[in-house]
Protein chains: 2
Amino acid sequence: MAQKFMIGELARRTETKVQTIRYYEEIGVMPQAIRAANNRRLYDETHLERLTFIRHSRELGFSLDDIRNLLALSDQPDRPCNEVDAIARTHLDNVESKIASLQVLQEELNRMISHCSGGKVSDCRIIKVLADHSLCQGHE
Amino acid sequence: MAQKFMIGELARRTETKVQTIRYYEEIGVMPQAIRAANNRRLYDETHLERLTFIRHSRELGFSLDDIRNLLALSDQPDRPCNEVDAIARTHLDNVESKIASLQVLQEELNRMISHCSGGKVSDCRIIKVLADHSLCQGHE
DNA sequence: CCTATATGCTACAGTCACTGTAGGAGCAAG
DNA sequence: CTTGCTCCTACAGTGACTGTAGCATATAGG
């Protein structure tokens with residue numbers, strides 16, 4: 001029988017907050033943990049693997065909903081992996097469009113800041129641009 | 001006396017949801033609107049300008065907290081604009097670091113997807129990488 | 001005058017992925 | 001026996017909205 005450990009150890013080994021693990025159980029991405037006689041949650045290596053998967057996927061920006069689907073798929077090793085691929089590609093698309101729109105923001109912020117003369121608020125280019133969308137790039 | 005109009009018109013002219021305007025009033029970034037005899041909110045051009053400023057700042061990714069500060073500063077035209085500048089620069093820093101971390105994700109997702117052979121889930125590189133952080137770039 | 005549609009109002013719940021807090025119980029070491 | 005650590009449940013808070021329920025009011029058409 002495998003070694004069991006409590007939530008604190010699982011939290012330490014996965015660098016996850018204890019509350020976060022309980023939250024994952026509550027919303028069903030982690031299974032209901034078996035309880036010891038004193039009502040404390042008991043885990044083994046399979047839980048550690050599952051939580052590692054979840055945390056790594058979160059680091060890569062997948063939503064918990066995506067992760068739920070990825071976990072369900074990884075439990076069915078014989079199915080083709082197109083669905084896994086589709087989830088990852090959709091997420092990549094989202095990441096790419098987020099990068100693109102942040103780069104537009106970045107340019108606009110740079111433009112605003114570089115035009116600021118360091119004088120009084122009444123002359124501040126930043127305030128002017130914020131007040132008037134037409135001063136933005138591409139609107140002159 | 002200036003022309004007054006109701007929340008629906010303000011919403012249309014700023015492309016903002018009516019609820020969002022009421023929300024801005026509730027949290028104090030928009031002033032408490034004067035009410036007509038029938039209890040409806042009345043606005044004029046100054047409200048339109050303020051809301052335009054807020055919406056444009058939001059589009060550029062400023063938090064409502066930042067916007068509150070920017071609005072307070074823009075109401076004091078004689079003060080030097082270093083504080084405005086500082087808010088904008090801090091925000092730009094945040095945008096830039098967000099871009100950088102999304103680019104790391106983008107690369108990793110690309111790597112994962114390109115290694116996926118299109119076979120069965122049990123052989124899927126995407127699932128393997130998610131389960132094992134050490135397969136990530138820089139960890140081999 | 002009646003009705004349909006549009007708009008307004010308040011108040012509250014839901015989103016996402018946690019994080020924090022209150023209040024209590026159990027257990028080991030000193 | 002007390003101190004300190006970990007565990008438990010239950011609930012509130014975050015940011016920036018968005019949606020819904022249930023009601024009142026206003027305007028236009030028939």
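In the text below, chain A, chain B and the rest are named by the order of the sequence lines, each starting its count at 1. Any value given below was found using the heavy atoms of this structure, including those in side chains, with hydrogens, waters and symmetry copies removed.
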- Task: Look at all strands and tell whether B/R22 reaches a base, only sugar-phosphate, or nothing, counting heavy atoms closer than 4.0 Å.
- Result: base

Separation of C/dG24 atom P from A/N39 atom CG, nearest Å, is 17 Å

Contacts of B/N38 and B/F62 projected onto DNA chain D by closest heavy atom; the upstream (5') one is B/F62

Does the side chain of A/R22 pick up a donor-acceptor pair with the side chain of A/Q19 at under 3.5 Å? no

ask   = Looking at B/Y24, does any N or O in its side chain come under 4.0 Å of the phosphate oxygens OP1/OP2 on D/dA16?
value = no

*Within the side chain of B/H91, is there an N or O that forms a donor-acceptor pair under 3.5 Å with the backbone of B/A86?*
no

Nearest-nucleotide check on DNA chain D, B/L64 vs B/Q19; residue mapping nearer the 5' end is B/L64

Whole-Å distance, A/R12 CZ to D/dT6 C1', equals 9 Å

- Does C/dC16 have OP1 or OP2 sitting under 4.0 Å from an N or O in the side chain of A/Y23? no

- Query: Within 45° of the six-membered ring axis of B/F5 and under 6.0 Å from that ring's centre, is NZ or CZ of B/R13 located there?
  - Reply: yes

Rounded to whole Å, the NZ-C1' distance (A/K17 to C/dT21) equals 14 Å

Rounded to whole Å, CD of A/E59 lies from P of C/dA17 at a distance of 15 Å

message = Is there a side-chain contact between A/R41 and the phosphate of D/dT9, meaning an N or O under 4.0 Å from OP1 or OP2?
response = yes

Rounded to whole Å, the CE-P distance (B/M6 to D/dT25) equals 14 Å

Looking for any heavy atom pair under 4.0 Å, which part of the strands does B/R68 touch: base, sugar-phosphate only, or nothing? nothing

TODO: With the side chain counted from C-beta on, respond yes when A/N69 and A/E83 share a heavy-atom pair under 4.5 Å apart, and no when they do not.
DONE: no

Closest to the 5' end of DNA chain C, once B/E26 and A/T20 are matched to their nearest nucleotides, is B/E26

query: Does B/R40 place a side-chain N or O at less than 4.0 Å from the phosphate oxygens OP1/OP2 of C/dT7?
result: no

To the nearest angstrom, the CG-C1' distance between A/L42 and D/dC7 comes to 12 Å

Atom CD1 of B/I21 and atom C1' of C/dT10 are separated, to the nearest Å, by 16 Å

Base, sugar-phosphate, or nothing: which does A/I27 touch, judged by heavy atoms less than 4.0 Å apart?
nothing

Picking from D/dT9, D/dT18, C/dT19, the nucleotide nearest the side-chain atoms of A/R35 would be D/dT9

- request: Scan side-chain atoms only and decide if A/S134 and A/D132 contain a donor-acceptor pair under the 3.5 Å cut-off.
  value: yes

Whole-Å distance, B/D65 CG to D/dT14 C1', equals 12 Å

